[in-house]
Structure formats: structure tokens, C-alpha cells
Amino acid sequence: MPELPEVEAVCRKLRRDALGAWISAVRVLRSATTRPQKPRRVESLAAGRTIETVERRGKNILMSLSGGLWVRIHLRMTGNLYVIPDVRLRPASTRAYFELEGGRGLVFDDPRALGRLHLHTAAEAARLMEDLGPEPLSREFTLDVLAAAARRSRKPAKLFLMDQQHVAGLGNIYAAEALFRAHIHPARPMNRIGPPRLALLHAAIVEVLREAVHWAVTSYRRPGEFSEAEDFPLAVYGREGEPCVTCGRRLRRIPQGGRSTYYCPGCQR
DNA sequence: TCGATCCTGTAG
DNA sequence: CTACAGGATCGA
């Protein structure tokens, strides 16, 4: 589930549910989740502290605990992080959890088990985040910044956008959606996109992420146990063979970097 | 810079 | 059964 918008929604919900909570115990149920850090050490270090802040950097979730300890969680492909009223009722796919006061549980749920959880000092955490490019929804992410990075890269546009060193938070879905909105072919070398198209791309990235954050956040707040939250309307992702909403041509799927890229052969050249 | 690899679940 | 998946890292 997680690219930037979904991770943002998780963080906001966590702030609502877990801020200020005291951690009575921590359990790591799968050692790979904290590797190379030792599960027992993660458990003993984090227990007894209070959750002071929750923030997002790219697709990373950072929680600061009392005493200057930081938790860094990456959801990867299928991870989710949420609070439940009774920690004993956690799902089978729980890879780690924090037991909170009153028996609540902060659950790191991840069926595919590719997600990661680590502990750091403030300096370590900050250092790791330095490897990430600018936050696309911050003022740092200007057209100039994007253009400067683009000039230096011959990568296919789609792979460039998914590289967290250039822009933090885009994944397979929103990279494809942004390229569609900017009418750029996903295989086009990044340094061969002209200034007008690059400006369009910059705007498209900001726009699609803004919209998706809004959707992710509102669908999360609507806790309806019955009705499924509506999904963000995707123009190309997962729509191979369907007609393009703009020109009607059949959308295509091509492999890039071992993953699927969806695009419109009519609109994106 | 690219492919293999980590995992499990689900769809075809 | 195979293909594929909203991600990132590591070794060649």
C-alpha cells in the first residue's frame, strides 16, 4: 500500500492515536524485520519510553521516543502501521508490535515481511535521511532542483522518478501517473526532456501527490467497517489494455527495472 | 548500472 | 502451476 500519500496518511493517524503513549513492551516477531539489529536489543531499548513525535521523510516513518531514541520504519510493499485497542488481537501477519499503556498495541503488520524497523540516535537517523532527495510537497522541491538533477541523468524518466535520491516518496504508481499527466514517455532519457515538459512534470508530481494525499487521508478517517474506502482514480496504473481517458488508445504495459510501467502510447511520447 | 534477491499472497 | 506485486539493497 505505501507510497508517499499512504505513508503520510499512516503518520497522521499515528499522531492521532499514539502520540504521548507510553510503551510498556516491544516484541519483534521476525528477526529479519530489524536486521542487522538484534531483535532482543530493539525490544529492550525501546521499552519503557514514550512516543513523542511521528514524522515522515519520503516513505520512511520516523518516531522519536523519550530519551532521544528514534524508530525508523519502512513499510516497503505491504507494510502497515496502526494502533489497535487490544494488542492480543493483532493479526497473524504482525512482524513486530509495541504494547502501549492500557493494553493497546501499535502493530507493524506486513504480510510479505519485506518491511523494516530500526532504532537510531537522532544523528544516525538524520544522516540516513540525507540520502533522500527533496520532499516533493515541500518548498525545497522547485523546478530548478528537478531540472538540475534531470540534466545529470540519462536514466529513463520512470526510473529516475522512482530513485529516492532524486525525489523522495514516489513509487511505481505515482511515478507512472505523473508521467502520464506530463505527457512524457516513461522510457525517455531524463536529460532529454525539454524545459516545457520538465515544468509540466514538476507540476504533475506535486499535483498528483497532493490529490493522492487528500484521498489517502480522507479514506483513512472514514473508519466505516462496512464500506470500503474509495481508491484514488488512476489514469494508467494497472490499466493495461483499457482505453486512455484522454485519447482512447489502448494503454500499454512495459517492463522497466524489473517492474511494470503503464502508459499511453498516444499521449506519452 | 543492472539483475538477483528478499518474502508471502493472490490472480490467472 | 506461473506471473506478478504500491520497494530497496547488494553483489557482479
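All chains are named by letter (A, B, ...) in the order of the sequence lines, taking the proteins before the strands, and each is independently numbered beginning at 1.
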* Apply salt bridge (Lys or Arg N to Asp or Glu O under 4.0 Å) to A:Glu177 and A:Arg181, showing your working. => CA-CA 6 Å; A:Glu177 294 295 317; A:Arg181 293 186 183 208; 5.2 Å; no

* Asked: Do A:Arg95 and A:Leu117 pass the side-chain contact (heavy atoms from CB on, under 4.5 Å) test, and can you show the C-alpha distance, the side-chain angles, and the key distance before you say yes or no?
  -> CA-CA 10 Å; A:Arg95 304 309 175 194; A:Leu117 184 159; over 6 Å; no

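- A:Gly171 comes within 4.0 angstrom of sugar-phosphate atoms only, judged by non-hydrogen atoms across all strands, and of no base.
- Comparing B:dT8, C:dC4, C:dG7 against the side chain of A:Arg95 picks out B:dT8 as the nearest.
- Dashed line: the shortest gap from a side-chain N or O of A:Tyr262 to OP1 or OP2 of C:dA5 is under 4.0 Å.
- Within 4.0 Å (heavy atoms only), A:Arg154 reaches no atom of the nucleic acid at all.
- Along DNA chain C, the nucleotide nearest to A:Arg253 and the one nearest to A:Asn172 differ in position, and the one closer to the 5' end is contacted by A:Arg253.
- Contact annotation: side chain of A:Arg112 to base of C:dA5, donor-acceptor pair present below 3.5 Å.
- The CG-P distance, from A:Asp109 to B:dT8, rounds to 14 Å in whole Å.
- B:dA11 is paired with C:dT2 under the Watson-Crick or G-U wobble criterion, all donor-acceptor distances under 3.5 Å.
- For A:Leu114, counting side-chain heavy atoms from C-beta on, the closest listed nucleotide (B:dG9, C:dA5, C:dG7) is C:dG7.
- With respect to the salt-bridge test (charged N to carboxylate O, under 4.0 angstrom), the residues A:Arg57 and A:Glu135 qualify.
- Of the C1' atoms belonging to B:dC6 and C:dC1, the separation is 22 Å, rounded to the nearest Å.
- Relative to the side chain of A:Arg35, the nucleotides C:dG7, B:dC7, C:dC4 differ in distance, and B:dC7 lies closest.
- In this structure, CD1 of A:Ile73 is placed 18 Å from P of C:dG7, rounded to the nearest angstrom.
- One finds no side-chain N or O of A:His74 lying less than 4.0 angstrom from the OP1 or OP2 phosphate oxygen of C:dG7.
- Taking only side-chain nitrogens and oxygens, A:Arg30 comes nearer than 4.0 Å to OP1 or OP2 of B:dT8.
- Counting to the nearest Å, the C1' atom of C:dG7 and the CG atom of A:Asp131 are 16 Å from each other.
- When rounded to the nearest whole Å, the span between CD of A:Gln165 and P of B:dT1 equals 11 Å.
- We find that CG of A:Leu75 is positioned 15 Å from C1' of C:dA5, with the value rounded to whole Å.
- Close to B:dC7, at under 4.0 Å from its OP1 or OP2, lies no side-chain N or O of A:Arg76.
- Which of B:dC7, C:dC4, C:dG7 sits closest to the side chain of A:Ser260 comes down to C:dC4.
- Put simply, CE on A:Met77 is 14 Å from P on C:dT9, counting in whole angstrom units.
- A side chain to side chain contact (heavy atoms under 4.5 Å, CB included) with A:Leu106 is found for one member of A:Ile51, A:Ile23, A:Asp17, A:Val87 and no other, namely A:Ile51.
- Phosphate contact (OP1/OP2 of C:dG7, side-chain N/O of A:Gln164, threshold under 4.0 Å): absent.
- In summary, the aromatic rings of A:His202 and A:Phe141 are positioned with their centroids under 6.0 Å apart.
- Using a 4.0 Å heavy-atom criterion, one finds that A:Arg116 contacts no nucleic acid atom at all.
- Using a 4.0 Å cut-off between a side-chain N of Lys or Arg and a carboxylate O of Asp or Glu, A:Arg127 and A:Glu124 do not qualify as a salt bridge.
- Taking the P atom of each, B:dG9 and C:dT9 are spaced 24 Å apart, rounded to whole Å.
- Taking atom CG of residue A:Leu128 and atom P of nucleotide C:dA8, one finds them 14 Å apart after rounding to whole Å.
- If you measure from atom CG of A:Leu4 to atom C1' of C:dA8, you get 16 Å, rounded to the nearest angstrom.
- Of the side-chain N and O atoms in A:Lys155, none sit less than 4.0 angstrom from OP1 or OP2 of B:dT1.
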